[in-house]
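Below is one structure, written out as structure tokens; the observations come after it.
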Number of protein chains: 2
Amino acid sequence: MTVLQRETGRRVLFREIRANGPVARIDLAARSGLSRATVTGLTADLLRAGLIEEVARDGGDAAPARGRPRVDLKIRGAARLVAGLRIGTDSLSLVLLDFGGARLAELEQPMTGEALTAEALAKRIAAALETLAQRAGRAVGEISGLGVAVAGVVDAVRGLVHWSPSLTGRNVEFAQILADHLGMPAFVDNDANLVALAESLFGLARGRSDFLVVTIESGVGLGLFIGGRPYRGTRGCGAEFGHVKVELDGAPCRCGQRGCLEAYVADYALAREAAALPAGAIPGAMDDPATAVLAAARDGNRAARRILDRAGQVFAMGLANLVNLFDPSLIILAGERMPLDHLYDDPVLERMQALTTRTDRPPPEIRVHKWGDLMWARGAGAFALDEVANIALAALDGTA
Amino acid sequence: MTVLQRETGRRVLFREIRANGPVARIDLAARSGLSRATVTGLTADLLRAGLIEEVARDGGDAAPARGRPRVDLKIRGAARLVAGLRIGTDSLSLVLLDFGGARLAELEQPMTGEALTAEALAKRIAAALETLAQRAGRAVGEISGLGVAVAGVVDAVRGLVHWSPSLTGRNVEFAQILADHLGMPAFVDNDANLVALAESLFGLARGRSDFLVVTIESGVGLGLFIGGRPYRGTRGCGAEFGHVKVELDGAPCRCGQRGCLEAYVADYALAREAAALPAGAIPGAMDDPATAVLAAARDGNRAARRILDRAGQVFAMGLANLVNLFDPSLIILAGERMPLDHLYDDPVLERMQALTTRTDRPPPEIRVHKWGDLMWARGAGAFALDEVANIALAALDGTA
DNA sequence: CGATTTAATTTGATTTCCAAATTAAAATCC
DNA sequence: GGATTTTAATTTGGAAATCAAATTAAATCG
């Protein structure tokens with residue numbers, strides 16, 4: 001324990017620096033409760049290890065300071081290199097990040113959509129990493145770790161994929177297999193959890209300890225942050241928001257059950273509703289029904305509007321239930337490409353408010369974050385950053 | 001911080017002792033990661049302060065030990081006296097507990113059911129405490145703190161009652177007012193949270209860090225434990241399980257909204273359903289409809305059965321959603337008087353399982369806990385115990 | 001009764017942290 | 001421009017806490 005004390009202190013300061021951007025030592029002391037002397041000592045360790053660096057204070061528009069100017073500390077980007085990978089249904093997307101989270105390169109590769117064995121996937125990933133590193137003029141060997149976001153049920157602590165649409169087999173030791181093939185540590189988690197982590201480390205929830213992120217793509221995901229850490233349930237797999245039940249014996253879901261939220265708001269749900277209408281009710285509904293519904297609704301088509309309205313209502317109800325249960329101060333609606341704008345419309349949010357307001361406390365802040373293509377991969381990269389930082393901090397203690 | 005270190009250690013050990021019953025020092029060392037030397041020192045502090053005591057090891061059926069026998073440590077019951085109070089709609093119930101959680105006395109007093117001012121309530125409580133202390137042959141002045149369980153929306157940290165059916169006015173500084181009137185610290189929280197705390201300290205969830213408790217009385221409540229602490233939401237008021245929405249534009253709830261879980265499973269929901277049936281469909285439904293429905297269902301009345309089945313289905317769906325979101329390892333269904341046995345029936349739990357099983361991981365353990373009349377008051381007492389222990393530990397540090 | 005075994009305590013050294021004093025780096029004053 | 005003021009960061013010296021190892025304590029076994 002005697003040794004763990006200093007390590008704990010270093011971890012606290014490292015987190016604080018990462019969460020609160022460039023920060024002066026004196027602020028760190030105030031925030032952490034440690035004395036200034038101790039902060040000097042601990043940050044000296046981190047500086048010596050090259051994990052953080054000093055930067056001249058960016059005065060900004062502030063008044064010219066009076067005494068000795070503060071020296072800000074921040075994460076040293078050059079300290080490590082990590083990669084983030086999202087295994088989607090029809091593509092692999094990757095980012096290369098520096099230790100500060102800055103994007104150095106990105107890559108997208110098409111996939112067949114079929115599930116692969118872990119080994120086959122590992123080979124594809126190895127090749128992709130090679131290309132990714134090349135684009136940034138770096139070598140794969142320089143990368144300290146790979147974060148992986150997969151859909152499905154994942155035990156992130158053990159790197160175990162219980163089930164995923166991307167993998168054949170069940171209960172695959174995916175993190176271990178990847179590490180063996182790639183020669184670097186790999187960290188696997190559910191994709192929605194990782195988006196939440198990214199929001200926490202360098203997104204809209206930076207420095208906040210309790211919030212939740214709803215991801216919307218073709219399915220609906222939920223990432224929870226409670227007490228400053230991702231909440232993963234007691235067996236490593238919670239927050240199946242998409243399969244929360246919103247109606248008894250409701251619409252069939254692709255998970256095999258009925259009445260799931262996803263069965264009302266996902267793209268295939270829109271397609272199902274469109275198919276139930278008389279032929280021709282929605283133009284173009286034959287080819288790509290989901291897109292056709294969205295387009296028709298924009299053009300004012302009544303039937304299409306009704307479909308989207310219903311999806312919005314169900315979504316509002318699901319969100320309201322999250323608020324009722326978690327009482328978060330912040331909800332982030334995160335989307336990648338977001339053709340599903342109708343779910344973020346004011347009427348939906350108003351309806352959600354109506355289903356929750358019971359007290360005079362202010363409603364939770366709701367922010368929409370349109371990440372762009374790399375949302376998932378960046379989330380995975382955030383995971384790698386976090387884990388690689390942990391490893392670096394632990395190693396530091398062994399040698400110091 | 002240097003002083004806080006020792007205090008932290010003492011807190012850790014105190015919690016460990018409370019959570020793991022009589023425990024030997026050597027086990028404490030193993031569990032806490034502290035050295036045996038440190039454990040000796042810290043427990044000596046606690047012993048000297050009279051917060052814990054040594055007890056001869058209860059060998060039980062174990063093999064006769066070989067070396068020096070372990071000396072178990074446990075919370076010293078005589079250390080403090082606390083009271084727990086539940087303010088219900090039609091009664092005040094109180095318990096007097098010793099520091100180990102043992103019940104010394106209890107008291108139940110009828111209430112008119114009307115909301116009172118905080119001051120009026122405080123006077124009634126003062127009188128009740130007098131009687132309660134008398135029953136145990138103690139004086140009110142000996143009581144170190146009072147825990148209070150109220151229905152409604154409570155900010156436990158600040159002792160603020162945003163709203164409660166028992167109190168007139170809003171945003172009442174109830175803890176402060178009670179402390180002023182009673183001459184002892186008072187701690188106020190939502191009643192379901194406190195039942196969860198009681199399960200954690202001396203109930204079915206003793207020593208477990210992540211679980212949830214569903215309370216069923218006339219309404220439905222939820223208490224969450226996450227990471228070893230009660231989860232209260234970011235503004236001190238989460239977990240409104242009773243008002244989770246289970247149907248779009250569903251049945252009206254007494255909260256003024258529609259489709260709340262409570263509007264399907266509470267006693268008044270049963271009454272509403274019964275009233276919608278043709279007269280005479282359920283015998284005795286005129287006088288006390290909820291009870292009549294329950295009785296008729298037991299006698300095999302079809303219509304009554306259907307009402308209860310529906311309530312059970314909705315309840316199963318609500319539970320399943322909790323499992324989907326929290327992935328708890330343990331769910332406790334806690335009831336006081338429990339005329340609502342139908343909600344605990346196997347078919348309901350099976351249905352719940354069916355709405356969640358998607359993986360090969362084992363389903364969460366579900367346990368039914370029929371506390372008896374004092375469930376709520378004991379929960380409040382548990383809160384007082386916890387807070388009084390915190391005060392004692394903090395004080396210990398000031399003087400040591 | 002001595003040997004053995006295991007638990008708990010004591011001892012001595014080390015680590016860690018903090019308060020106070022000191023040094024550092026700027027702006028302001030005269 | 002140099003002295004003064006102000007604030008930040010570091011150094012210093014001492015106090016506190018922890019741990020490993022040695023010692024003591026309390027039991028059983030042969």
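In the text below, chain A, chain B and the rest are named by the order of the sequence lines, each starting its count at 1.
- Ring planes of B:Y231 and A:F326: perpendicular class, angle over 60° (limits at 30 and 60°).
- Ring orientation note: the planes of A:F187 and A:F383 are nearly perpendicular, at an angle over 60° on the 30°/60° scale.
- Taking A:R206 as the reference, nothing meets the side chain to side chain donor-acceptor pair (under 3.5 Å) condition, with sequence neighbours excluded.
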Please produce a list of atom pairs where a protein N or O lies less than 3.5 Å from an N or O of nucleotides 6-9 of chain D.
{"unit_1": "D:dT7", "atom_1": "O2", "unit_2": "A:R68", "atom_2": "N", "d": "2.7"}
{"unit_1": "D:dA8", "atom_1": "OP1", "unit_2": "A:R70", "atom_2": "NE", "d": "2.6"}
{"unit_1": "D:dA8", "atom_1": "OP1", "unit_2": "A:R70", "atom_2": "NH2", "d": "2.5"}
{"unit_1": "D:dA8", "atom_1": "O4'", "unit_2": "A:R68", "atom_2": "O", "d": "3.1"}
{"unit_1": "D:dA8", "atom_1": "N3", "unit_2": "A:R68", "atom_2": "NH1", "d": "3.1"}
{"unit_1": "D:dA9", "atom_1": "OP1", "unit_2": "A:V71", "atom_2": "N", "d": "2.9"}
{"unit_1": "D:dA9", "atom_1": "OP1", "unit_2": "A:V71", "atom_2": "O", "d": "3.3"}
{"unit_1": "D:dA9", "atom_1": "OP2", "unit_2": "A:I26", "atom_2": "N", "d": "3.0"}
{"unit_1": "D:dA9", "atom_1": "O4'", "unit_2": "A:R68", "atom_2": "NH1", "d": "3.4"}
{"unit_1": "D:dA9", "atom_1": "O4'", "unit_2": "A:R68", "atom_2": "NH2", "d": "3.4"}

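- We find that CG of B:D45 is positioned 12 Å from C1' of D:dA17, with the value rounded to whole Å.
- Listed by first then second residue, pairs satisfying salt bridge (charged side-chain N to carboxylate O under 4.0 Å, His left out) with a partner in residues 380-394 of chain A read A:R18-A:D386, not counting sequence neighbours.
- At whole-Å resolution of the value, CG in B:L34 and C1' in C:dT15 are 15 Å apart.
- One finds no salt bridge joining A:R76 and A:D98 here, because no Lys/Arg side-chain nitrogen approaches an Asp/Glu carboxylate oxygen to under 4.0 Å.
- Listed pair B:T38 / D:dC19 meets the phosphate criterion, a side-chain N or O lying under 4.0 Å from OP1 or OP2.
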